Amino acid sequence: MADYFIGDIQGCYAGLRKALAVVEFNPAKDVLWLTGDLIARGEDSLAVLKYLYKNSDSVKTVLGNHDLHFLAVANGLKKANPKDNLTNLLDSSKLPKYLDWLRQQPLIQALPDKSGYMTHAGLPPLWKPKTAKLWAKNVSDELNTSNYLSFLPLLYGNKPSVWTEEMPDQDKLRYTISALTRMRFCSPLGELDFSQKGSPSLLDQSMSKSFIPWFQLAPKRFDKNKWIFGHWASLMGETGNKNIIALDTGFVWGNHFTLLDWQTQSFIRVDA
Ligand SMILES: [Mn+2]
């Protein structure tokens, strides 16, 4: 049995199958871990979901911002992004089944041997892993109720950008989604920034230096907890901390997938 982690698939079905072939992934005995953003920009989001659904006993994923946005689009609450390639999925007769599977997926997963966690974006400032687990579960509980559609509008908005214990639960739920699925930079005081998606080196040249990558804030949090995430392709896997593993290396943008073979702790590159 092997555990393989892959960064954001983004609807790149041919690439997914190529990556799985490289490691000879066997769904009968191996587990595939995914950092979310399963669908959207790539050539065949329908085929990606069909494959993951069929092999769901061997798949552990977290939800990304694109996956959550898709739930809203498919339910007519939001317009599809013109850059997305979701028409065949939206037209599929199996759509309701895929939507139900998606909304049952968590925002956080404990890593094998309980050595840390996986999320799409990261661990927000001021949070310990147990706070992330608690609030991720609260979001999942909302997504799993029969009237989850009334919850989906809460996905949208950049406020609150700071966590406080005093704020209402609705604000805490929205902050949780922002932090676990959208965050890249934050201020030293813990304010999330949603305007920048470049690499930290670009930030140094052109943006306010008061924002830093989330994983550079209170880095001791990660001494005893590894963190695996996707979402931030422009990092190209560079975090400067061996316990913080960035797996989205922009396959959908023509770069490559990065696979992590958990048992050997080796990285495998699969070019687009
Ligand atoms: Mn993302």
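Treat the numbers as computed from the prediction; the structure is a model and nothing was measured.
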For A246 and L235, which heavy atoms make the closest approach, and how far apart are they?
CB-CD1, 4.1 Å
If every non-hydrogen atom of M167 is compared with every non-hydrogen atom of P160, which pair is closest and at what distance?
SD-CG, 3.7 Å
Would you be so kind as to tabulate the donor-acceptor pairs closer than 3.5 Å made by side chains of residues 8-23, with sequence neighbours excluded?
unit_1, atom_1, unit_2, atom_2, d
D8, OD1, T35, OG1, 2.8
D8, OD1, H231, N, 3.3
D8, OD2, H231, N, 2.9
Q10, OE1, R41, N, 3.1
Y13, OH, R17, NH1, 2.8
K18, NZ, D271, O, 2.8

Tell me whether Q104 at atom CD has more than 12 heavy atoms from other residues, nucleotides or ligands lying less than 6.0 Å away.
yes
Specify the closest pair of heavy atoms between L71 and L152, including all atoms of both residues, with the distance to one decimal.
O-CD1, 3.8 Å
Between V139 and L180, does the side-chain contact (heavy atoms from CB on, under 4.5 Å) criterion hold? Intermediate values first, please.
CA-CA 11 Å; V139 169; L180 297 182; over 6 Å; no
Stepwise side-chain contact (heavy atoms from CB on, under 4.5 Å) check, I177 with L63
CA-CA 10 Å; I177 290 164; L63 292 174; over 6 Å; no
As an exercise, state the distance from CG of L149 to CG of L143, rounded to the nearest 0.5 Å.
10.5 Å
Under the side-chain hydrogen bond (donor to acceptor under 3.5 Å, both in side chains) rule, collect the residues that match up with D57, sequence neighbours excluded.
none
Assess whether side-chain contact (heavy atoms from CB on, under 4.5 Å) is satisfied between V73 and N81, documenting all intermediate values.
CA-CA 9 Å; V73 170; N81 186 325; over 6 Å; no
Partner residues of N26 under the side chain to side chain contact (heavy atoms under 4.5 Å, CB included) criterion, sequence neighbours left out:
A28, K29, D30
Which heavy atom of A132 sits nearest to which heavy atom of I108, and what is that distance?
CB-CD1, 3.9 Å
With a 3.5 Å distance limit and no angle check, can you tell me whether T249 reaches the backbone of H256 through a side-chain donor-acceptor pair?
yes
Inter-residue atom distance L192.CG - S187.OG, 0.5 Å rounding:
8.5 Å
Flag if over 12 foreign heavy atoms under 6.0 Å of CD, Q265:
yes
With under 30° as parallel and over 60° as perpendicular, where do the rings of W232 and F215 fit, or are they tilted in between?
tilted
Do you reckon L173 sits in the same ILVMFWY cluster as Y156, going by side-chain contacts under 4.5 Å, direct or chained?
yes
Parallel, tilted or perpendicular: which describes the rings of F222 and W214, with under 30° parallel and over 60° perpendicular?
perpendicular
Side-chain (R221) to main-chain (W127) donor-acceptor, under 3.5 angstrom
yes
How many angstroms lie between CZ in F70 and CG in L49, if you round to the nearest 0.5 Å?
6.5 Å
Is there a donor-acceptor pair under 3.5 Å between the side chain of S58 and the backbone N or O of P27?
yes
Would a hydrophobic clustering, with Ile, Leu, Val, Met, Phe, Trp and Tyr connected at side-chain separations under 4.5 Å, put L32 with Y53?
yes
Return the CG to NZ distance between N243 and K224, rounded to the nearest 0.5 Å.
12.0 Å
For residues 93-100, dump all side-chain donor-acceptor pairs below 3.5 Å to protein atoms at least two apart in sequence or in another chain.
unit_1, atom_1, unit_2, atom_2, d
D100, OD1, R103, NE, 3.0
D100, OD1, R103, NH2, 3.0

For D37, check side-chain hydrogen bond (donor to acceptor under 3.5 Å, both in side chains) against everything at least two apart and list the hits.
H120
Please collect all side-chain hydrogen bond (donor to acceptor under 3.5 Å, both in side chains) contacts where either partner lies in residues 164-180, sequence neighbours excluded, each pair once.
W163-E165
For the backbone of D3 and the side chain of Q263, can you confirm whether one donor and one acceptor N or O come within less than 3.5 Å of each other?
yes
Hphob cluster co-occupancy, W101 + L86, side-chain heavy atoms under 4.5 angstrom:
yes
Under 4.5 Å side-chain heavy-atom separation, chaining through any Ile, Leu, Val, Met, Phe, Trp or Tyr, what else clusters with L247? Say none if it is isolated.
M1, F5, V31, W33, V62, L111, M118, I228, I245, L260, W262, F267
Cluster membership besides L189, Ile/Leu/Val/Met/Phe/Trp/Tyr side chains within less than 4.5 angstrom, sorted by chain and number, is none
Which heavy atom of M183 sits nearest a heavy atom of G122, and at what distance?
CE-C, 3.5 Å
Roughly how far, to the nearest 0.5 Å, is CG of L123 from CG of N225?
8.0 Å
Quick check: closest heavy atoms across P129 and Y117, and the distance to 0.1 Å?
CB-CE1, 3.5 Å
Is there a donor-acceptor pair closer than 3.5 Å between any side-chain N or O of T239 and the backbone N or O of I244?
yes
Without swapping roles, check the side chain of D67 against the backbone of L38 for a donor-acceptor pair under 3.5 Å.
yes
Holding to side-chain hydrogen bond (donor to acceptor under 3.5 Å, both in side chains), I want the full list of residues that pass it with N75, two or more places apart in sequence or in another chain.
Y148
Answer with yes or no whether the hydrophobic clustering places L259 together with M236; edges join I, L, V, M, F, W, Y residues whose side-chain heavy atoms lie under 4.5 Å apart.
no
Fellow cluster residues of V252, listed by chain then number, with links counted only when side-chain atoms sit under 4.5 Å apart
W253
CZ/R182 to NE2/H66 distance, rounded to the nearest 0.5 angstrom?
11.0 Å
Applying salt bridge (Lys or Arg N to Asp or Glu O under 4.0 Å), can you list everything that pairs with D141, at least two apart in sequence or on another chain?
K137
Kindly write out the residues that satisfy ring pair (Phe, Tyr, Trp, His ring centres under 6.0 Å) with F257, not counting sequence neighbours, or none if the list is empty.
F251
Apply side-chain contact (heavy atoms from CB on, under 4.5 Å) to R184 and F211, showing your working.
CA-CA 10 Å; R184 291 187 182 90; F211 286 99; over 6 Å; no
